[in-house]
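We name chains A, B, ... by the order of the sequence lines, and we start the count at 1 in each one.
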Amino acid sequence: MSFAKHNGGWTIAISFLIAFLLAELPLPVWAAIWRPAWVAMVLIYWCLAIPERVGVGIGWLAGLTLDVLGGNLLGQHALGLCILAFIAGRFHQPIRVLPIWQQGIGIFWLITLYQLVILWTNGIQGRPIPNWAYLSSALTSTMLWPWVFVVLRDMRRKYRVT
Amino acid sequence: MIIKPAQPLFVRHPSAKARLIVFVLLSLVLMISDHYGKYLDTARGALLAVVLPLRYAVDLPVRIVSWAGTNLVSHSSLIAENDRLHRQHFLDRTQLGKLADLEAENNRLRKLLGTSEKVREQGLIAGLMAVDMDPFSRRVVLDKGARDGVAPGYSLIDTEGIMGQVVEVGLFSSTALLITDPSHALPVQINRNGFRSIALGTGIQDLLELSHIPNSVEIHIGDTLVTSGLGGRFPAGYPVGTVTSIERNNSQSFAKILVKPNAQLERNREVLLVNPVPRTPVKDTLAEDTPTEDAGETKMAIPEI
């Protein structure tokens with residue numbers, strides 16, 4: 001039991017690590033605003049799949065790591081992701097039974113909310129607010145959700161993360 | 001697995017809410033203290049050191065390609081390149097000799113005028129790491145940190161001009177704000193007539209905007225801008241960019257002037273870090289700037305009448 005739990009923990013950690021790498025990967029300037037919110041997607045998946053293990057605390061830690069990596073104000077992504085984790089965990093039952101493409105709609109709103117939190121905190125700092133560009137990441141995340149979902153589900157089944 | 005979580009679910013819901021409140025408060029406290037104070041700088045430095053392996057992992061493929069590019073070349077092309085560099089070095093040396101002479105002469109003249117001598121800045125070469133940051137700000141990551149002597153405030157320069165300044169320093173890496181970042185402002189002057197202004201970043205790649213330039217100021221497309229050295233952050237006299245567009249609208253009080261930076265802002269791999277020169281306050285600044293002030297002020301005074 002404890003071995004299985006430990007094993008599952010590594011799978012979760014590695015999935016987050018890959019998400020961080022993807023979040024840092026250099027993209028051309030025009031493509032950078034379309035970068036999917038990888039870390040948020042991985043977090044949402046685990047919150048839906050095993051809400052009793054991955055929740056607000058892990059979301060907060062992941063967000064803090066993103067803040068340090070991105071050189072943002074400390075706590076910005078942490079705030080966004082812990083709210084995201086809470087909502088995903090709270091509604092994991094109704095979202096889990098939906099077909100994957102309908103889940104995508106929920107993902108779109110969750111990631112939009114996350115982007116809005118970042119936008120608000122940027123605005124409070126006096127950083128200029130970009131136009132609708134901040135929504136582009138929610139769009140690409142929604143489009144990639146089915147693949148992320150399937151890959152993570154297979155990972156979870158193969159390594160028996162419970 | 002299906003039955004087990006159903007039971008603690010009801011027990012954990014209130015605790016999840018409580019945890020959310022705790023973590024939201026924690027983030028708010030972090031943001032406020034990070035925004036208003038410098039208390040968190042050491043913590044950020046330590047956290048940067050923790051996530052550094054991630055950055056190296058992302059940077060690695062680019063590093064390997066560039067390593068292969070330098071190591072897997074033929075002998076003859078190396079010889080040709082060496083030959084070319086030798087010639088270039090020779091040419092540069094002759095030019096530098098002239099420059100040293102000019103510098104000495106300049107300092108002699110400054111002494112005659114009773115103003116302070118210009119100090120040569122210290123330089124440090126750093127590499128840019130191929131990692132991306134927040135897409136709505138323009139920042140780069142450097143592979144040199146506090147251990148190599150980098151400190152916040154160092155200016156970033158490439159062969160063409162000013163790139164930005166170091167804002168965050170970790171032990172082994174640091175972050176620099178580019179001049180195109182929307183929160184960046186750079187004191188500049190027009191090289192031709194000494195008119196001073198401030199170049200604001202736009203957040204758009206390769207675009208700066210001059211702020212608060214009256215419609216009537218004499219400025220042309222193609223004018224080059226250099227750093228003015230005011231503010232004491234950037235060394236004076238480094239090229240910044242070229243004016244690419246001027247929009248004068250008589251219903252507005254200020255013209256809209258766009259500038260294209262000279263430096264290869266997001267494309268180069270190596271940069272020079274220049275130490276900000278400590279300047280003695282007011283008296284020195286005034287004395288040093290008086291000669292150029294005349295040129296700038298008269299030009300500015302004419303249109304304002």
4.5 Å side-chain heavy-atom contact, B:L265 and B:Q205: no
message: Under a 3.5 Å distance rule, please check whether B:D148 uses its side chain to pair with a backbone N or O of B:V150 as donor and acceptor.
response: no
statement: Nearest heavy-atom contact between A:I58 and A:R53 is CD1-O, 3.8 Å
query: Which of the residues B:L54, B:V62, B:T175 is involved in the greatest number of heavy-atom pairs with chain A at under 4.5 angstrom?
result: B:L54
- line: Listed by number, the residues in residues 14-23 of chain A that come under 4.5 Å of chain B (heavy atom to heavy atom) are A:L17, A:F20, A:L21, A:A23
From A:M155 atom CE to A:I12 atom CD1, the distance as rounded to the nearest 0.5 Å: 9.5 Å
task: Pull out the residues in residues 138-146 of chain B that come under 4.5 Å of chain A, heavy atom to heavy atom, sorted by number.
output: B:R138, B:R139
message: Restricting to ring-ring contact (aromatic ring centres under 6.0 Å, His included), what partner residues turn up for B:F254, sequence neighbours left out?
response: B:H212
query: Under 4.0 Å between a Lys/Arg side-chain N and an Asp/Glu carboxylate O for B:D59 and B:R63?
result: yes
- line: Note: A:A62 and A:V39 closest approach over all heavy atoms is CB-CG1, 4.0 Å
- line: Minimal heavy-atom distance between B:L200 and B:S211, with the atoms involved, is CD1-CB, 3.6 Å
statement: Looking only at A:L64, A:I118, A:L69, the option with the highest number of non-hydrogen pairs under 4.5 Å against chain B is A:L69
query: Stepwise, does the ring-ring contact (aromatic ring centres under 6.0 Å, His included) test hold for B:H184 with B:F234?
result: CA-CA 12 Å; B:H184 197 275; B:F234 289 96; 5.8 Å; yes
query: So, B:D181 side chain and B:L177 main chain: donor-acceptor pair closer than 3.5 Å or not?
result: no
- prompt: Would a distance-only check, ignoring hydrogens and angles, find a side-chain to backbone donor-acceptor pair under 3.5 Å from A:D67 to A:Q76?
  reply: yes
task: Look only at the side chain of B:S174 and the backbone of B:G170, and say whether a donor-acceptor pair between them is shorter than 3.5 Å.
output: no
- request: Compare every heavy atom of B:P261 with every heavy atom of B:D206, then report the nearest pair and how far apart it is.
  value: C-CD, 3.5 Å
field: Partner chain B: residue of A:A85, A:A78, A:C82 with the largest heavy-atom pair count (under 4.5 Å)
entry: A:C82
- line: Note: A:L84 and A:A40 closest approach over all heavy atoms is CD2-CB, 3.7 Å
- line: Given B:D34, B:L52, B:L48, the one with more heavy-atom pairs under 4.5 angstrom with chain A than any other is B:D34
query: chain A: which of B:S137, B:A43, B:S33, B:S27 shares the most heavy-atom pairs with it under 4.5 Å?
result: B:S27
statement: In short, B:G203 meets B:P182 closest at the heavy-atom pair CA-CD, 3.5 Å
- line: Turns out that what part of A:T121 lies under 4.5 Å from chain B's heavy atoms comes down to side chain
message: Checking side-chain polar atoms at under 3.5 Å, does A:S137 have a donor or acceptor matched by the opposite partner on A:W34?
response: no
- prompt: So which bits of residues 138-153 of chain A come within less than 4.5 Å of chain B, counting non-hydrogen atoms only?
  reply: none
